[in-house]
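Read through the structure below, which is laid out as structure tokens, and then see the notes.
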Amino acid sequence: MMERETSFTLGFLILIILNLAATRVEPLHIRWKVLLMKMEELLAFGIPLPMLEDVRLMVETGIDAYRFSISWSRLLPNGRGPVNPKGLQYYNNLINQLIINGIQAHVTLHNFDLPQALEDEYEGWVSRDIIGDFTYYADVCFREFGDRVLYWTTVNEPNVFALGGYDKGNAPPNRCSPPFCATNSTRGNSTFEPYLVLHHILLAHSSVVRLYKTNYMDQQGGFVGISVYTLAYTPQTNLEQDKVATQRARDFFIGWIVEPLIHGDYPISMKRNAGARIPTFTSIESKQVKGSYDFIGIIHYTNVNVTDNSGALNIKLRDYTQDMAANIIYREDMFSNDEYSVTPWGLQEELDIFKLLYGNPPIFILENGQRTASNSSLEDVSRVKYLHGYIGAVLHALRNGSNVKGYFAWSFMDVFELLDGYRSSYGLYYVDHNDPELKRYPKLSAKWYKRFLMGIELDNDPSITA
């Protein structure tokens, strides 16, 4: 269980929240030497050098847990049926290298990646057929990797996936209908598909949880959860209608996922405003969805302000945004590489809300990090300040009784981002895309994070005060 001591300094937070006390690993310098000694042997077995180099960087940085997604398409190209042996080998190699080096694997099963065969056959998540196929895919993953993987996230940020993919059309599979599209699309229906898709996600998620509890829990002893993209919501004014709209916005974005998990049904405001366009759980489905989690993953980057827009409910043809009847005012352009404001009190507030409204469920912070332009300096002081502030907010929430089990900075290295590809970066390590070998370089934040993980006192760190 997690300690609740209040005497820990920020430098010791990671020792609490990674919750890895069950196994001890060799000291960092020994683990690194052993890994380097093994590289030549591992290359002989066909394990790619970039994978070994990246794991070496993780060991050098002191990381004890690594979160990654399995590609359904890579493992089961047709969505079901025969397993691709090359895909199976790749993930076995990665998981084995993590475990050998004392790094715990946290696996996400679906991250905006659906086999094209299922999209072509029955339009993917729009159809209830997806529930059985997703459960089949999860069964393969549990069977093949569950002896080494203890933490499973079924679907990554389904609220963003449903809205981006099926309302605005600016994320896979790019479905939407005019006048709601943010991109050109000739298929989809924005008025009801986001609700239908997320409904199927919850049913598929709960089916997978039931499968794990029935067939794998006793043998593997793992944990299954789902992640939620969160924003910290603040009324733009003290007017009562803005305060009500703020709660309604939270219902629509966060409660959309969390309330069925906690209570077995959608928020009242959603059912009232969306009406027949939001699906209804049968009594059996409600019982299956309710409580179908071992943890809830939180993805958090920034805060927003909210104003009332109740007039939108007078429009006959509405989508999710108009059903919400609230204007969301972002501090930064979400489709740019603008840096996020450092407002860590927002994350602490959200953790407090989960504690007070949702029964204090076990929580992992699965993504949290600073966005910068991809060509910015390796001296990423703003990222250091961001991480310092937000990790501190998690510590404060822990001291206030929040049931946080772990924290993952986004991201370990620069990666291809959903909204703007390589134009922005979140990584602790810079990836040189002009180098054929994609060489990695540590940023200031990587050096700071390493010292943090080692428990070195950081209060007077010049990289924070610079």
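- Annotation for Val404 and Leu398: closest pair O-CD2, 3.6 Å, computed over non-hydrogen atoms.
- With ring centers used as reference points, Tyr301 lies under 6.0 Å from Tyr426.
- Counting heavy atoms from C-beta on, the side chains of Trp256 and Asp251 never come closer than 4.5 Å.
- Scored by the salt bridge (Lys or Arg N to Asp or Glu O under 4.0 Å) test, Lys447 finds no partners at all (sequence neighbours excluded).
- Nearest heavy-atom pair across Ser292 and Leu261 is OG-CD2, 3.5 Å.
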When the side chains of residues 343-350 are checked against the rest of the protein, which donor-acceptor pairs come out under 3.5 Å, sequence neighbours left out?
| from | atom 1 | to | atom 2 | distance (Å) |
| --- | --- | --- | --- | --- |
| Thr343 | OG1 | Asn303 | ND2 | 2.9 |
| Thr343 | OG1 | Tyr390 | OH | 3.4 |
| Glu350 | OE2 | Arg250 | NH2 | 3.0 |

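- By the salt bridge (Lys or Arg N to Asp or Glu O under 4.0 Å) test, Glu367 pairs with Arg67, sequence neighbours left out.
- Remark: Glu123 engages Arg175 in a salt bridge, criterion side-chain N to carboxylate O under 4.0 Å.
- Under a 4.0 Å N-O distance rule, the pair Asp319/Lys168 qualifies as a salt bridge.
- Applying the salt bridge (charged side-chain N to carboxylate O under 4.0 Å, His left out) definition to pairs two or more places apart or across chains, none involves residues 221-235.
- Ring geometry, Phe134 versus His110: the interplanar angle exceeds 60°, so the pair is classed perpendicular (tilted spans 30 to 60°).
- The salt bridge (Lys or Arg N to Asp or Glu O under 4.0 Å) test applied to Glu259 returns no partner, not counting sequence neighbours.
- Taking the six-membered ring wherever Trp is involved, the centroid distance between the rings of Trp152 and Phe295 does not fall below 6.0 Å.
- Annotation for Gly222 and Asp294: closest pair O-OD2, 4.2 Å, computed over non-hydrogen atoms.
- No option in Asn159, Thr153, Asn156 other than Asn156 meets the side chain to side chain donor-acceptor pair (under 3.5 Å) test with Ser227.
- Applying the side-chain contact (heavy atoms from CB on, under 4.5 Å) test to Glu121 and every residue at least two apart in sequence or in another chain returns Arg80, Leu118.
- Scored by the salt bridge (Lys or Arg N to Asp or Glu O under 4.0 Å) test, Asp380 finds Arg383 as partners (sequence neighbours excluded).
- Because its NZ or CZ atom is both nearer than 6.0 Å to the ring centre of Tyr340 and within 45° of the ring axis, Arg371 counts as a cation-pi partner of that residue.
- Contact between Tyr358 and Gly255 at its shortest, heavy atoms only, is OH-CA, 3.9 Å.
- Checking side-chain atoms of Ser207 against main-chain N and O of Leu203 turns up no donor-acceptor pair under 3.5 Å.
- In plain terms, the two heavy atoms of Met217 and Lys213 that are nearest each other are CB-O, 3.6 Å.
- Looking at residues two or more places apart in sequence or on another chain, you find a side-chain contact (heavy atoms from CB on, under 4.5 Å) between Leu378 and Tyr430, Tyr441, Lys443.
- Aromatic pair His106/Phe408: centroids less than 6.0 angstrom apart.
- Among Thr230, Leu356, Ile298, the one residue that satisfies the side-chain contact (heavy atoms from CB on, under 4.5 Å) test with Leu351 is Ile298.
- Applying the side-chain contact (heavy atoms from CB on, under 4.5 Å) rule to Asp435 yields the partners Asp432, Glu437, Lys439; only residues at least two apart in sequence or on another chain are considered.
- For Cys181, the disulfide (SG to SG under 2.5 Å) partners two or more places apart in sequence, or in a different chain, are Cys176.
- Remark: of the listed residues Trp125, Phe161, Tyr195, Phe161 is the sole one forming a ring pair (Phe, Tyr, Trp, His ring centres under 6.0 Å) with Tyr166.
- Applying the side-chain contact (heavy atoms from CB on, under 4.5 Å) test to Leu211 and every residue at least two apart in sequence or in another chain returns Thr135, Asp139, Phe142, Asn215, Tyr216.
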Please report, to 0.1 Å, the donor-acceptor pairs under 3.5 Å made by any side chain of residues 69-79, with sequence neighbours excluded.
| from | atom 1 | to | atom 2 | distance (Å) |
| --- | --- | --- | --- | --- |
| Ser69 | OG | Asn111 | ND2 | 3.2 |
| Ser71 | OG | Ser73 | N | 3.4 |
| Ser71 | OG | Arg74 | N | 3.2 |
| Ser71 | OG | Asp113 | OD2 | 2.5 |
| Trp72 | NE1 | Gly79 | O | 3.1 |
| Ser73 | OG | Asp113 | OD1 | 3.3 |

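- Nearest approach of Cys141 to Leu109, heavy atoms of both residues: SG-CD2, 3.7 Å.
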